Amino acid sequence: MTQGIARRFQISTLAAHLVLIGFTLLALAPTLLVIMNSFKPRKEIFGAPLALPSFETITLIGYDTVLKRGDILHYFQNSLIVTVCALFFIILFGAMAAFALSEYRFPGNRLIGLFLVMGIMVPIRLGTVGILKLMVSLGLANTLFALILVYTAQGLPMAVFVMSEFMRQVSDDLKNAARVDGLSEYTILFRLVLPVVRPAIATIAVFTMVPIWNDLWFPLVLAPGESTRTMTLGAQSFIGQFITDWNAVLAALTLAIVPMLILYLMFSRQLIRGITAGAVK
Amino acid sequence: MATSAQRKPIRWHIGVLLAPAILIYTVIMLLPVFDSLRMSLYGKGPDGAPMFVGLANYTTLLTDSYWQGPFWNALWNNVVFFIIHMLVQNPIGILLAALLSLGKLPGREFYRTALFLPTMLSFVIVGFVWKLILSPAWGVSKTLLGSVGLGSWFAPWLGQPDTALITLALISVWQFIGLPMMLIYAAMIAIPDELMEAASCDGVTGINQFFKIKLPLIWPSIGVVSILTFVGNFNAFDLIYVSQGALAGPNFSTDILGTLLYRTFFGNQLQSGDPFMGATIAGAMFLIILCGVCVYLYGVQRRLAYYQM
């Protein structure tokens, strides 16, 4: 009897593994296929697309074309500047507002909180027409700063919401002891409270970083110029130019995938913990 | 006490702390959204200056022979896009979450990481990768299908008007399957073990256990996933733009509201840009998303039963 249960259990575990392996293959195969073929000569890309690149024929000709022609490094740098600066402002301004809302009682507190958090439900893209007008009138069209401002605005509502939830849980005794010691409110926020809410900061960083790095819409609309092109927009226009040169297209795609892949493998633990903790809370 | 009768000193730091967030959020996000909505009530006057026209633009969008065709087409395609996500992405997401949360399944961290990977890639990468894979010129998918004896099934799915939209929706499902999976997985591992043990003792096991106990407990998460899918789908643009271009070919069969908005506002080979009609389409999208959110908040969320665990 117990043996029967154990066997049934094993069969169901096996079935679960089979289904999961199937979907895992489906999730990984397209990316692997592109990376693999980017190292093959043209004949093999078409002749044997599913084979691994062999040592005799391995080639970097696609990478050569791409790196000679395009400013991939420059695009990469632009994306990095935009993402890091936006993230910095989101966390700084978000923490400041969240601290004010969660720490002090003042008239209009709840109203301001609602006003800020409402933005989670308003898709900023629908304001594109107005944002473009605004940026042009401020002389910021085709600058990275315009992108940083837009992404900061887009990320703030979520940041304020998540951080004020976390900040409410920081012990009052700690803060009051600091006040007795004569620390200013700013010192309390930056020296005491921020280090305590590090998990919230990690969650926000991971959640806002990916959409900013991957966004195509605002770079296309606000900063399409060559000097301000982000990685995503650069890859898009770049691959378009090479559409018949398969070596170059596959190499360009690989170059666009690899940074994201490395970042993901480095932070996947935090990311997954962030999602699961956020949902359980 | 004397001190409490005195007026408290103005706490300047509250203002200083709030000001940057409120300023940036209001100026860069809220005002432009409202400005766009306001602009949808204006049109080009006889002297070229903007002129208030009330709801005339919306009437034009819904009834004018030049506009109504593309608008209803894009809206319908968007609805199809959303339905495919709800029917394919969410059930598979629930299935994967259920499998991952089965006891102590070895290797589940690996599965989790791998299945979430496509979500991290940009639309540009996803669009091009699939375009290459499905391209008849490369023939990878034909070879793959051929190896399981289904070679004759292959067709240039992205190039045919009647399959392009479904193919794109499935590509998008492929990319985002990780999100419902993770959110529902989080809800499932929050279910206390004692509850499941008690169920097992009462003879509720296997599939029954899933439908009778786990599913009712995760309905709120499924609700959240659905509204996220809705807002995401009705804002979608990137994937279609990357793989089919601004004209959302073939023959507009993959045109959704996002691409229609882009084309209308910035113009394209077929027409010059029209900021007023662009704003009108943005306004329509805003109303649709608002309706969806309201249906969720008042129709769905209130009826859900929340269990304290």
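Values reported hereafter were calculated over all heavy atoms of this structure, with side chains retained and with hydrogens, waters and symmetry mates removed. What you see is a predicted model, and the numbers here were worked out from it, not measured in a lab. Chain identifiers are assigned alphabetically (A, B, ...) following the order of the sequence lines, protein sequences preceding nucleic acid strands; residue numbering begins at 1 within each chain.
Interface remark: B:Glu109 contributes side-chain atoms only to the contact with chain A (heavy atom separation under 4.5 Å). When heavy atoms are compared at a cutoff of 4.5 Å, B:Phe265 approaches chain A solely by way of its side chain, counted from C-beta outward. For A:Val210, the part lying near chain B is the side chain, with the backbone staying farther off; criterion is any non-hydrogen pair under 4.5 Å. Residue A:Leu156 touches chain B through its side chain alone, counting heavy-atom pairs closer than 4.5 Å. For B:Leu95, the part lying under 4.5 angstrom from a heavy atom of chain A is the side chain only. Within the 4.5 angstrom heavy-atom criterion, no atom of A:Trp213 approaches chain B. Looking at A:Glu103, neither its backbone nor its side chain comes within 4.5 Å of chain B, counting heavy atoms on both sides. Heavy atoms closer than 4.5 Å to chain B are found in both the backbone and the side chain of A:Leu216. With a threshold of 4.5 angstrom between heavy atoms, A:Phe115 approaches chain B through its backbone and through its side chain. Using a 4.5 Å cut-off between heavy atoms, A:Pro157 touches chain B through its side chain atoms alone. In this structure, the portion of A:Leu28 lying under 4.5 Å from any heavy atom of chain B is its side chain and not its backbone. Neither the backbone nor the side chain of A:Leu233 comes within contact range of chain B; no heavy atoms are under 4.5 Å apart. Only the side chain of B:Met39 comes within less than 4.5 Å of a heavy atom of chain A; its backbone N, CA, C and O stay farther away. Of the two parts of B:Leu31, neither the backbone nor the side chain holds a non-hydrogen atom closer than 4.5 Å to a non-hydrogen atom of chain A. Both the backbone and the side chain of A:Ile45 come within contact range of chain B, each with at least one heavy atom under 4.5 Å from a heavy atom of that chain. Both the backbone and the side chain of A:Gln236 come within contact range of chain B, judged by heavy atoms closer than 4.5 Å. Residue contact with chain A, scored on non-hydrogen atoms closer than 4.5 Å, is absent for B:Phe34. The contact between A:Ile21 and chain B is made by backbone and side chain atoms together, counting heavy-atom distances below 4.5 Å. Within the 4.5 angstrom heavy-atom criterion, no atom of B:Ser243 approaches chain A. Only the side chain of B:Ile92 comes within less than 4.5 Å of a heavy atom in chain A; its backbone stays farther off. Residue B:Val27 touches chain A through both its backbone and its side chain, counting heavy-atom pairs closer than 4.5 Å. With a 4.5 Å cut-off on non-hydrogen atoms, B:Val129 touches chain A through its backbone and its side chain both.
Here the closest heavy-atom approach between residue A:Ser79 and residue A:Met231 is recorded as OG-N, 2.8 Å. Closest heavy-atom contact between B:Trp174 and A:Pro30: CZ2-CG, 3.7 Å. The minimum heavy-atom distance linking A:Ser38 with A:Ala251 is given by the pair CB-N, 3.9 Å. In this structure, B:Val231 and B:Ile289 approach most closely via the heavy-atom pair CG2-CG2, 4.1 Å. Across every non-hydrogen atom of B:Pro32 and A:Gly130, the tightest pair is CB-C, 3.8 Å.
Counting heavy-atom pairs under 4.5 Å between each of B:Leu117, B:Ile133, B:Val16 and chain A puts B:Leu117 at the top. Highest contact tally toward chain B, considering only A:Ala235, A:Pro123, A:Gly94, is held by A:Pro123 [criterion: heavy-atom pairs under 4.5 Å]. Chain B forms the most heavy-atom pairs under 4.5 Å with one residue out of A:Arg125, A:Met135, A:Met118, A:Gln154, and that residue is A:Arg125. Between chain B and the residues A:Thr152, A:Leu33, A:Val249, the largest count of heavy-atom pairs under 4.5 Å involves A:Leu33. Ranked by heavy-atom pairs shorter than 4.5 Å toward chain A, the options B:Val33, B:Ile125, B:Leu261 are led by B:Ile125. Taking chain B as the reference chain and counting heavy-atom pairs below 4.5 Å, the highest number among A:Leu134, A:Leu116, A:Thr232 is found for A:Leu116. Among A:Ala252, A:Pro211, A:Ala16, the residue with the largest count of heavy-atom pairs under 4.5 Å with chain B is A:Ala16. The residue among A:Ile257, A:Val160, A:Val150 with the most heavy atom pairs within less than 4.5 Å of chain B is A:Ile257. Per-residue heavy-atom pair counts under 4.5 Å with chain A were compared for B:Ile22, B:Asp35, B:Ile28, and the maximum is reached by B:Ile28.
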Please test B:Phe234 against B:Phe230 for ring pair (Phe, Tyr, Trp, His ring centres under 6.0 Å), starting from the C-alpha separation and ending with a verdict.
CA-CA 6 Å; B:Phe234 279 88; B:Phe230 182 83; 4.7 Å; yes

Please evaluate residues B:Gln209 and B:Ser200 with respect to the criterion side chain to side chain donor-acceptor pair (under 3.5 Å), reporting the C-alpha separation (whole Å), side-chain torsions for both, the decisive distance (0.1 Å), and the verdict.
CA-CA 8 Å; B:Gln209 198 176 50; B:Ser200 301; 3.3 Å; yes

So B:Tyr42 and B:Asn57, side chain to side chain donor-acceptor pair (under 3.5 Å) or not? Walk me through it.
CA-CA 8 Å; B:Tyr42 285 76; B:Asn57 287 336; over 6 Å; no

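Here CD1 of B:Ile177 is found 8.5 Å from CG of B:Leu115. Values are rounded to the nearest 0.5 Å. Summarising the geometry, atom CD1 belonging to B:Ile281 is positioned 3.5 Å from atom OG1 belonging to B:Thr264; distances are rounded to the nearest 0.5 Å. For the atom pair A:Met163 CE and A:Ile90 CD1, the distance stands at 9.0 Å (nearest 0.5 Å).
Using a distance-only test at 3.5 Å, with no hydrogens or angles considered, a donor-acceptor pair links the side chain of A:Thr24 to the main chain of A:Leu20.
Aromatic ring centroids of A:Phe99 and A:Tyr104 lie under 6.0 Å apart. Checked against the 6.0 Å centroid threshold, B:Phe116 and B:Phe110 do not count as a close aromatic pair.
Taking the six-membered ring where the residue is Trp, B:Phe237 and B:Tyr262 present tilted rings, their angle falling between 30° and 60°. Ring planes of A:Phe89 and A:Phe93: parallel class, angle under 30° (limits at 30 and 60°).
A salt bridge links A:Arg179 with A:Glu185: the distance from a Lys NZ or Arg NE/NH1/NH2 to an Asp or Glu carboxylate oxygen falls below 4.0 Å.
Inter-residue side-chain proximity for B:Pro106 and A:His17 is flagged as met; some heavy-atom pair is nearer than 4.5 Å.
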